[in-house]
Amino acid sequence: MRANPVDYELVAPGSLSAVVSLLAQQPGQWLPVAGGTDVMVQYAAGKLAARKLVSLWNLPELRRIEVSDTEVTIGAACTYTDVREYAVIAQGFPLLAAAASWTGGIANQNRGTLGGNIVNASPAADSLPALLIYAAELILISARGERRVPYTSFHIGYKKMLLAPDELIRAICLPRRFSGYISYSRKVGARNAQAISKVCVAAIGQLVDGVANDVRIAAGSVAPIPIRLRATERLVEGKVVNTDLIQRVRPAAISEVRPIDDIRSTAAYRSAVLGNLVAEFLQQLAAAGASTVLARWNALSPEQAAEQILPCCGSSAWARRLSALRPLHEEGALFSASDEIWNQLQPSDWREAFSKHPRIGESKVPAAASSQSAKWSAKEQNGVGAAAESVQQALAAANREYERLFGRVFIVCATGKSAEEMLNILRQRMQNDDATEFQAAAQEQRKITNLRLKKWLNP
Ligand SMILES: Cc1cc2nc3c(=O)[nH]c(=O)nc-3n(C[C@H](O)[C@H](O)[C@H](O)COP(=O)(O)OP(=O)(O)OC[C@H]3O[C@@H](n4cnc5c(N)ncnc54)[C@H](O)[C@@H]3O)c2cc1C
C-alpha cells in the first residue's frame, strides 16, 4: 500500500559535506536521492521502505566532469545527458556514451544519473557493462574520508555492493587507455527506446599483427550482476579471429552466463542472443582487421599489390587488373571486382591459374606456385590425408586419366571435401565435353579464389 507523502521527510542540505555529515550522524537512516528515477518508481509502487530522503540533485561537487592526461572523472550525479554530450567521453569511451543514449527516453536521460544506475544495481542496467569494460574505479566518500575501489569488485551479488550505510559514490574514474580499440555494444529489448534490456553486450578489442589483443567482453541481464566473460576473452586472446574461432566462442560465451526466465524473456532466448551478440562483435573485429589489410594493400605500388594478391588466384592478369582497381576499401567491393575480372579473363589466363595447383591427393606443388599458394593448397586438401590407401590410388589414377582427356590438372574446390567426395566429382566431370569441363573448372577456381581472399584478409 502506498504511504502518505506526509510520512516522508526530504531534505536538501545543498553541499556534499553537509550530506556526508548527515549520513554519518544517522548511518542507514537517510536514503540518498539523485535523479529519483528509480526511487520514485519504488515510491509509486508503495515499495519505498526509507522514510528519510536526502537529495543529491545538483550538488556541484557531484555534477562535474574532470579530464586529466590519464583519466576522466565523472561526478556520480552527472546525468545521462551530461555523459553523452561530453565530447571526451563520446570519443574515448563510446560504449558509455552509447549506453547513456539508450537509457530510457530523453526525460529520463535528463534526470537519471550514473551513480544512481550503479547503486540501483539492476542486472539489466545499461551503463554497467561499459564500466566493467573500461576498468572504471569508484571514489566513495563518507565523513571518514574517501576510498577508491575498482568497479569490478563493487557489486558482489544481486543488489549487494561494497557501500557502507554512511557512504556515497562521489565519482566514477575511467582510465584514458582505450583509444584505437574496436568498440561494439548492443542492447536487445522489446523495442529500441524505453525498454529494459533482455540482454546487453559491450565489448572492445584490438587486432595486433592480425591477432586479437586485449579483448574485453561484458554482458548485462544474463546473471545476478553485469559480468565480464573472462573465459571467453581468454579463448579469443592472441588468436586469429576467423569463422572457426567464432564457432568455438559462441558456446563458450553461453556457458559463462546464468540467465533466468522472467517477465521480459526466457533464459534460453537470452543465452542464444548472447551467443549471437558475442559472435557479431568478433565478426566486426575480424572485418576491422580485413580493412587494415586492404588499407595496407591499397598503399602498395601496382606491381607489389599484384604480386601480393596473386597467390589467391594464380592468374597474373587477374592480379594486375584487380590491383589497378584500387583503392578498394571494403571486403564486398574486393569480392565483386574479383568475380567480375575472373569471368572476363581469356582461356589462357584461366589455364595459368589452374597450372598453380597440385594434383588432388598429391603434395608436390608445381614450380610456378608461390610458397603461399602451396601452403593454402596443403590446407585445402586436408581431407585427402585421412583417406584409405585404395582411395588415394584411385584418385591418382583418375587424375592421370583426367589429364590425358583434357590436357590440364583437375580443379575442384577441395575445402571441406573428403577424398571419396572428390573422387566421385572427378569421375562425374570426366563425362563432360571439353568446353563444359573448362567452365566447371573455372567456377571451381572462382570458389577457391574467394576462400583464399578471405584467408588473405584475415591472416
Ligand atoms: C521510464 C524509465 C526508463 C528507464 N530506462 C532505463 C534503461 O533503459 N536502462 C537503465 O539502465 N535504467 C533505466 N531506468 C532506471 C533509472 O533511470 C537508472 O537506473 C538511473 O540511472 C537511476 O539514477 P537516478 O539518479 O535517478 O537514481 P535514484 O532513483 O535517485 O537512486 C537510485 C538508487 O541509487 C542511490 N544513489 C543515487 N546516487 C547515489 C550516490 N551518488 N551514492 C550512493 N547512492 C546513490 C539511491 O539511494 C537509490 O538507492 C529507467 C527508469 C525509468 C523511470
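Order of appearance sets the numbers: ligands from 1, and atoms from 1 within every ligand. Numbers here are sequence positions counted from 1.
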Notebook entry, point to check: At the 4.0 Å heavy-atom cut-off, does G36 count as touching ligand 1?
Noted result: yes

Notebook entry, point to check: With a 4.0 Å cut-off on heavy atoms, does W102 reach ligand 1?
Noted result: yes

I'd like to know if [X] and [Y] make a salt bridge, using a cut-off of under 4.0 Å between side-chain N and carboxylate O.
X: E280; Y: R186; answer: yes
X: E146; Y: R170; answer: yes
X: K447; Y: E444; answer: yes
X: E167; Y: R147; answer: yes
X: D69; Y: R176; answer: no

May I ask you to identify, for [X], whether its side chain, its backbone, both or neither come under 4.0 Å of ligand 1 on a heavy-atom basis?
X: L62; result: neither
X: V41; result: side chain
X: V39; result: both
X: K187; result: side chain

Close N or O approach ([X], ligand 1; < 3.5 Å):
X: I169; result: yes
X: D126; result: yes
X: P32; result: yes

Out of [options], whose heavy atom is nearest to [atom]?
atom: atom 38 (N) of ligand 1; options: G75, A125, A34; value: A34
atom: atom 8 (O) of ligand 1; options: C78, G104, G35; value: G104
atom: atom 19 (O) of ligand 1; options: L168, N120, D38; value: D38
atom: atom 32 (C) of ligand 1; options: G116, G105, A99; value: G116
atom: atom 14 (N) of ligand 1; options: N108, L114, L138; value: N108
atom: atom 6 (C) of ligand 1; options: L53, L163, T103; value: T103
atom: atom 40 (C) of ligand 1; options: L56, L128, I141, L140; value: L56

Next item on the list: Would you mind listing which atoms of ligand 1 come within a distance below 4.0 Å of any non-hydrogen atom of V33?
Entry: 30 (O)

Checklist line | Numbered atoms of ligand 1 (with element) below 4.0 Å of A76, judged on heavy atoms | finding: 41 (N)

Check: Can you list the steps and then say if S301 with Q304 is a side-chain hydrogen bond (donor to acceptor under 3.5 Å, both in side chains)?
Finding: CA-CA 5 Å; S301 71; Q304 287 170 326; 3.2 Å; yes

Item checked: side-chain contact (heavy atoms from CB on, under 4.5 Å) evaluation trace for T449 with S338 -> CA-CA 8 Å; T449 303; S338 163; 3.9 Å; yes

Check: Is a side-chain N or O of R270 found less than 3.5 angstrom from the main chain of K198, in a donor-acceptor match?
Finding: yes

Note to self: Would the distance check show the side chain of R452 and the main-chain N or O of P311 forming a donor-acceptor pair, the cut-off being under 3.5 Å?
What the structure shows: yes

In a table with atom names and distances, give each donor-acceptor pair under 3.5 Å that connects a side chain of residues 83-101 to protein atoms at least two apart or in another chain.
{"residue": "R84", "atom": "NE", "partner": "Q109", "partner atom": "OE1", "Å": "2.8"}
{"residue": "R84", "atom": "NH2", "partner": "Q109", "partner atom": "OE1", "Å": "3.2"}
{"residue": "S101", "atom": "OG", "partner": "A98", "partner atom": "O", "Å": "2.7"}

Next item on the list: Answer with yes or no whether the side chains of Q206 and N213 bring together a donor and an acceptor at under 3.5 Å.
Entry: yes

